[in-house]
Structures are given as structure tokens and as C-alpha cells.
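Structure first, then comments.
Naming: A, B, ... by sequence-line order, numbering from 1 per chain.
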Amino acid sequence: MEGPSIVIATEEFKPFLNTRTKTGPVKGQKLVRTRSWGKHFILEFEKTMLRIHFLMFGSYRIDNPRENRTPKMVLTFPKGTVYFYSCAIKEIETLENYDWSVDTMSPKWSTPKAVRTLKKLPNEMVCDVLMNQDIFAGVGNIIKNEVQFRQRLHPETKLDQLTDKQIKALVADTRAYCLLFYKWKKANVLKRNWQIMRKRKCPLCGGPVTKKHTGKLQRISHWCRRDQPLNRSLIRSPRPGKQTKHPRSRPRESPALTAAP
DNA sequence: CAAATTGTTTAGCT
DNA sequence: CAGCTAAACAATTT
């Protein structure tokens, strides 16, 4: 479960706020507030805070338990019962460790901060930084792949191959796509809007989608070799100082070149 | 239907 | 100690 889904969870818990659960490790306590930070779902009870991580396969159900599955936790509120499955539940003492400015779904998210962070990591690949929860908390493999495609970036592009403008666009679009993911998920049209994730053909050129483990994290990336070429920035917009005397790309409008005998 | 997958932590190595 | 890899965990989808 990625960040936007956790925000939706906080909303789905609103009916249970300020009421007590009759079951679970926090039996008898009132639910005071729910929060999300990246992929963390935080339930604040009167005396106890629970941090829930759904990892890859976790889920929750409200008033509709799964058959033949033992929930990890059940919370029974006056207005409904919530069942949690295959998730990691941890009691936490404080929120001090959370930096909300790196949470891609938070109102406190800071694009300039992420840009500054990326500029300090010239040797990191796009696919690795996008999944880094200290930089883009809440981004998972789906968001990673879709943002790479939207920005026409090869997953294995090293950050020092990007112009400042491209770094800025990457960060800003990651945030923008997280908000879109949220909106589309709520409207039940998320998968319909995937452009590259689990697709066989590139929606732009119709070419095959490459699927390969990429980066240090070795999670699968889905990308188009034609529309997300490696080192695109060097070809299309060389950085000052890296320009050679024999640029690879000719100016587009130059009648002399085609008119010559 | 075997394989992949919306993910992270930890142990154990070099 | 840093950096890495494999293992463990878990359940649905293709």
C-alpha cells in the first residue's frame, strides 16, 4: 500500500473518532486522531499510539471481515468494526521521529527540500531515490514507474545526468502524481490511468515495455526504451561545461544541411 | 499455474 | 563500521 492509500484510510476511520474500542491491544481507549506519514498509518488513542504498516500484502476491512483469514487486530467501535490483515503493528511512543516535509501526501511536503537532497546525490539512480522513504515517503513501485514514464526518464539514470530543471520537474511531478493517485483511487479509476505499470506496449510509440530489476533496490521497473532513453538529458539538453565541440544533435531548422549537394 | 508483486526488517557476511 | 545480500514474512493477481 502506497502513501495515497494510507491517506484514504485516515478518512475511512473518521466515523470511529472520539469513540472507544472494545477489542484489540488498546481495548477501552478512545481513538483521538488518525494520521498518515508515507506508508505509515498512525492511530492515536488516549494513552497509546499504534503504527500500522501494510507492506505489500496488508489490508483492512470495515464491517466486512475476510472469510478464512485470521486478522492481526480487530477494533470494535460503536459505529463499526475494523479488521487488519497481514500488517506490521507497532506501538510508538512519540511522533518526534516523523519529518512531515518528506511525506509526499502531507500539506507540509517541501519540493525545494527534496530538490536540495537530490542535488547532493549525483551517483544515485532515479529508480532508487524515488523509492527512498527518507526522501519521498509514501512512494512505492507503482508511483515510481508512473513518474519515471511521465518524466520520460530511464529508471537507471544517474542524478548527475539530469539538469537542474529536470530534477525540479521530477520532484514536483512526484508530488503531483501522488495527489493524482489519491484522486483516482478514490474514484476507482486508478488502474485505468496507469500508463506504463504492467503495460505491454508504450502508450506513446507502441513499442514493447521493458521490465527489469533496476537499481540497488532491485525492484522491477517498467519503461519504454525509446521514450525513456538513458542519458536523454545529455543528448537533448547538454549541461554547460559538458558541451563538446562536436555536438551530437544538429539544429532542427537548418536548410543548409539538407540543401547541400 | 508458477511467478510476480502496492514492502520492510534483520541477520550475516565481506 | 559501512555496504551488500539473502531470508523471512505474507496473500492476491496474472
Review point. Where each residue is assigned the nucleotide of DNA chain C containing its nearest heavy atom, which of A/Thr70 and A/Gln218 is assigned the position nearer the 5′ end?
Key: A/Gln218
Point to revise | Given DNA chain C, 5'-ward residue of the pair A/Lys191 and A/Phe57, judged by closest heavy atom | key: A/Phe57
Check your understanding: NA contact type, A/Ile143, heavy-atom cut-off 4.0 Å: base, sugar-phosphate, or nothing?
Key ->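 Nothing, no heavy atom under 4.0 Å.
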Review point. Is the cationic atom of A/Arg175 (NZ for Lys, CZ for Arg) positioned less than 6.0 Å from the six-membered ring centroid of A/Tyr177 and within 45 degrees of its normal?
Key: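 No cation-pi geometry.
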Exercise for review: Report yes or no: is the cationic atom of A/Arg35 (NZ for Lys, CZ for Arg) closer than 6.0 Å to the six-membered ring centre of A/Phe41, at no more than 45° off its axis?
Suggested key: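 No, cation not above the ring by the 6.0 Å, 45° rule.
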Can you tell me how far [atom2] of [N] sits from [atom1] of [X], to the nearest Å?
{"X": "A/Phe41", "N": "B/dT8", "atom1": "CZ", "atom2": "P", "result": "17 Å"}
{"X": "A/Trp184", "N": "B/dT6", "atom1": "CH2", "atom2": "C1'", "result": "16 Å"}
{"X": "A/Arg219", "N": "C/dA6", "atom1": "CZ", "atom2": "P", "result": "16 Å"}
{"X": "A/Met197", "N": "B/dT5", "atom1": "CE", "atom2": "P", "result": "7 Å"}
{"X": "A/Arg66", "N": "C/dA10", "atom1": "CZ", "atom2": "C1'", "result": "12 Å"}

Practice item. Determine the Euclidean distance between corresponding C1' atoms of C/dC9 and B/dC1; express it in Å to zero decimal places. Key: 22 Å
Practice item. Please measure how far the C1' atom in C/dC4 lies from the corresponding atom in B/dT6, and state the result in whole Å. Key: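 Straight-line distance between the two C1' atoms is 25 Å.
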Exercise for review: For B/dT6, take OP1 and OP2 only and decide whether either is under 4.0 Å from a side-chain N or O of A/Arg198.
Suggested key: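 True: A/Arg198 side-chain N/O within range (under 4.0 Å) of B/dT6 OP1/OP2.
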Exercise for review: Would you please confirm or rule out a distance under 4.0 Å between OP1 or OP2 of C/dG3 and any side-chain N or O of A/Lys216?
Suggested key: no
Point to revise | Heavy atoms of other groups near A/Arg226 CZ, more than 12 under 6.0 Å | key: no
Revision key, fill the gap. Paired to C/dA10 by Watson-Crick or G-U wobble criteria (both distances under 3.5 Å) is none
Review point. Taking the side chain of A/Asn141 as heavy atoms from C-beta outward, which of C/dT14, B/dG7, B/dT8 is closest to it?
Key: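 For the A/Asn141 side chain, the nearest candidate turns out to be B/dG7.
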Practice item. Compare every heavy atom of A/Phe45 with every heavy atom of A/Val32, then report the nearest pair and how far apart it is. Key: CG2-C, 4.0 Å
